[in-house]
Amino acid sequence: MPPLPAEGQAQHELLLLLRYHIDTAMRYPSYEAVTKAVDFAKAHPRALRGGHFAHLLGVRRWRWLAEQGIYPEVNP
């Protein structure tokens with residue numbers, strides 16, 4: 001049986017990139033850093049809906065995203 005694709009690895013990389021962008025924007029709140037973090041989060045709404053992804057992102061980063069107007073989309 002062939003190995004399954006590394007979907008978890010891609011999600012893990014996405015999580016690390018989002019955490020990096022948010023942490024950078026929180027530490028150095030320039031217009032460019034905040035815009036990069038917000039745009040990156042908006043570009044991946046499906047990932048933000050995942051419970052495990054949300055758990056790994058952390059409360060502090062979710063609070064920052066909420067302050068920027070980013071909330072996980074809910075399926076209608």
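These numbers come from the heavy atoms of this one structure, side chains and all, not from hydrogens, waters or symmetry mates. Note that the structure is a prediction, hence the values are computed from the model and not measured.
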Checklist outcome for this item: Nearest heavy-atom contact between Ile22 and Arg61 is CG2-CG, 3.8 Å

Next on the checklist: Give me the atom names and distance for the closest heavy-atom approach of Ile70 to Val38.
Outcome noted: CD1-CG1, 3.9 Å

Checklist entry - Sequence neighbours excluded, which residues qualify as side-chain contact (heavy atoms from CB on, under 4.5 Å) partners of Arg63? => result Val59, Glu67

Could you pull out every donor-acceptor pair under 3.5 Å between side chains of residues 41-48 and any protein atom, sequence neighbours left out?
unit_1: His44; atom_1: ND1; unit_2: Phe40; atom_2: O; d: 2.9

Gap between atom [atom2] of [Y] and atom [atom1] of [X] - 0.5 Å precision:
X     : Y     : atom1 : atom2 : value
Leu17 : His12 : CG    : NE2   : 10.0 Å
Arg19 : Met26 : CZ    : CE    : 12.0 Å
Leu18 : Phe53 : CG    : CZ    : 5.0 Å

Checklist entry - Is there a donor-acceptor contact under 3.5 Å from the side chain of Trp62 to the main chain of Ala54? => result yes

Show the atom names and distances, to 0.1 Å, of all donor-acceptor pairs under 3.5 Å that link a side chain in residues 29-36 to residues at least two apart or in another chain.
unit_1: Ser30; atom_1: OG; unit_2: Ala33; atom_2: N; d: 3.2
unit_1: Thr35; atom_1: OG1; unit_2: Tyr31; atom_2: O; d: 2.7

